[in-house]
S.K.: 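Structure below; questions to follow.
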Amino acid sequence: MTAIRNITGSTQTTGIFGYPVAHTLSPFMHNAAFRELGLDFCYVPFLVEPDMLAAAVAGLRAMHIRGVNITLPHKENITAMLDLVDQEAHHIGAVNTIVNDNGTLKGFNTDGRGFMMSLSEAGVDVSGKRVLMLGAGGAARAVGYSLCKEASSVYIAARTASRAAGLCSHLGSINANVECIGLKESGSDKFLSGIDVIINATPLGLEQDDPLPIAADAINSRHVVCDLIYKMTPFLKAAAQKGARTIDGSGMLLWQGVLCFELWTGRKAPVDVMRLALNSKLSVK
Ligand code: NAP
């Protein structure tokens with residue numbers, strides 16, 4: 001158990017709304033960062049049941065909570081409850097961060113930029129590259145928004161073809177070269193020979209006995225393979241065995257948190273301290 005030290009009468013509260021929420025690693029990285037900079041802030045988890053979301057949002061105002069992260073299942077429903085939603089979060093249709101400025105609640109989405117920062121930190125530049133994204137859910141919407149601004153073309157393959165088609169048409173307003181492709185075809189030699197970066201944005205791999213999102217046979221050393229799941233998944237392991245460069249989702253988790261921290265505090269985040277706090281928890285999961 002970790003004690004949050006030095007709570008005072010003027011401590012500013014941040015936290016996370018989710019249901020469930022007990023699995024979150026965000027308190028570790030944010031509280032470590034507040035301590036590092038000597039900020040009178042704390043970060044706590046709030047278990048918010050779906051039918052209590054509006055009451056919880058009223059509580060943000062009533063209790064002058066500085067800001068919260070929003071996780072499943074609230075990311076989409078919360079957008080209509082805020083005073084302002086920034087352009088990126090509006091386009092994505094989901095909010096993962098709220099900032100409370102004297103009672104005005106503003107929503108942001110830092111997931112897509114967090115993912116791009118994790119790629120950039122790993123020395124991967126998607127500009128001019130051809131990217132395959134597997135999955136068309138909330139995380140794919142956020143990552144797709146940022147990807148489409150840089151990649152030359154983005155292909156989306158998902159279990160529910162209509163969901164992939166909806167995301168393609170939505171992202172088409174940012175990048176004219178967004179296309180849907182069948183899941184099976186997306187794993188073929190012919191298709192993957194024209195792809196540079198592959199991203200798993202499905203939950204497949206959370207469990208060790210999950211099937212791979214696509215067959216890894218056609219993956220090779222010219223591919224960069226990313227997984228939004230923040231551990232070495234079976235898909236990443238299979239890709240690494242084929243010689244591909246692999247990147248897991250822990251960097252995305254870190255960098256989306258760095259961006260939130262800076263929105264709440266106005267201070268530059270101590271990234272290495274946050275990374276250390278996160279990694280110490282990821283290594284024991
Ligand atoms: P989501 O909204 O539920 O979407 C999941 C997508 O994966 C959908 O396209 C879904 O297809 C597909 N899918 C689910 N189960 C599948 C299966 N058994 N076979 C094939 N496709 C399947 O979930 P999300 O919020 O986008 O999250 C996706 C992943 O990203 C999760 O593993 C989550 O942990 C991870 N994530 C990581 C971070 C980070 O910071 N690293 C942040 C956010 C999310 P259907 O439409 O057919 O259901």
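Atoms within each ligand, like the ligands themselves, are counted from 1 in listed order.
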S.K.: Checking a contact table here: which protein heavy atom is nearest atom 21 (N) of ligand 1, and how many Å away?
M.R.: Arg159 CB, 3.6 Å

S.K.: When you measure from the side chain of Lys242 to the backbone N and O of Asp217, does any donor-acceptor pair fall under 3.5 Å?
M.R.: yes

S.K.: Name the closest protein heavy atom to atom 28 (C) of ligand 1, giving the residue it belongs to and the distance to 0.1 Å.
M.R.: Ala201 O, 3.3 Å

S.K.: Might you check, step by step, whether the distance between atom 41 (N) of ligand 1 and some protein heavy atom is under 4.0 Å?
M.R.: yes

S.K.: Are Phe108 and Leu259 packed together at the side-chain level, in the sense that at least one heavy-atom pair is separated by less than 4.5 angstrom?
M.R.: no

S.K.: Closer than 4.0 Å to some heavy atom of Thr160 - which atoms of ligand 1 meet that?
M.R.: 45 (P), 46 (O), 47 (O)

S.K.: At under 4.0 Å between heavy atoms, is it the side chain or the backbone of Ile229 that contacts ligand 1, or both, or neither?
M.R.: side chain

S.K.: Would you call Pro270 and Leu37 a side-chain contact if the rule is heavy atoms closer than 4.5 Å?
M.R.: yes

S.K.: Has the side chain of Arg141 got a donor or acceptor atom that lies under 3.5 Å from a matching backbone atom of Ile92?
M.R.: yes

S.K.: Any protein heavy-atom neighbour for atom 3 (O) of ligand 1 (distance below 4.0 angstrom)?
M.R.: no

S.K.: List ligand 1 atoms under 4.0 Å from Gly135, heavy atoms only on the residue side.
M.R.: 9 (O)

S.K.: Identify the closest protein heavy atom to atom 37 (C) of ligand 1: which residue and atom is it, and at what distance?
M.R.: Leu228 O, 3.2 Å

S.K.: Against heavy atoms of Tyr230, which atoms of ligand 1 measure under 4.0 Å?
M.R.: 41 (N)

S.K.: Closer than 4.0 angstrom, basic N to acidic O: yes or no for Glu121 and Arg275?
M.R.: yes

S.K.: Is Glu262 reaching over with its side chain to a backbone N or O of Ala269, donor-acceptor style, under 3.5 angstrom?
M.R.: yes

S.K.: Show, in sequence, the C-alpha distance, side-chain angles and deciding distance for Arg222 and Asp196, and conclude whether the salt bridge (Lys or Arg N to Asp or Glu O under 4.0 Å) test is met.
M.R.: CA-CA 7 Å; Arg222 58 178 297 282; Asp196 305 297; 3.0 Å; yes

S.K.: Looking just at side-chain N and O atoms, do Ser250 and Asn279 make a donor-acceptor pair shorter than 3.5 Å?
M.R.: no

S.K.: Between Pro211, Ala136, Pro203, Ser250, which one has a non-hydrogen atom sitting closest to atom 7 (O) of ligand 1?
M.R.: Pro203

S.K.: I'd like the name of whichever of Gln256, Lys231, Met252 reaches closest to atom 38 (C) of ligand 1 through any heavy atom.
M.R.: Met252

S.K.: Give me the ring orientation class for His30 and Phe261: parallel if the planes are under 30° apart, tilted from 30 to 60°, perpendicular past 60°.
M.R.: parallel

S.K.: Do side-chain atoms of Asp248 reach the backbone of Tyr230 as a donor and acceptor pair under 3.5 angstrom?
M.R.: no

S.K.: Can you confirm whether something in the protein, heavy atoms only, sits under 4.0 Å from atom 24 (P) of ligand 1?
M.R.: yes

S.K.: Under a 3.5 Å cutoff, is there a donor and acceptor pairing between the side chains of Asp111 and Tyr145?
M.R.: no

S.K.: When you measure from atom 26 (O) of ligand 1 to every protein heavy atom, which one gives the shortest distance, and what is it?
M.R.: Ala139 N, 2.7 Å

S.K.: Against heavy atoms of Gly249, which atoms of ligand 1 measure under 4.0 Å?
M.R.: 41 (N)

S.K.: Hey, looking at atom 20 (C) of ligand 1, which of Thr202, Asp210, Leu204 has the closest heavy atom?
M.R.: Leu204

S.K.: Using a 4.0 Å cutoff against the non-hydrogen atoms of Arg163, which atoms of ligand 1 qualify?
M.R.: 2 (O), 8 (C), 45 (P), 46 (O), 48 (O)

S.K.: Is atom 33 (C) of ligand 1 near the protein, in the sense that some protein heavy atom lies at less than 4.0 Å from it?
M.R.: no

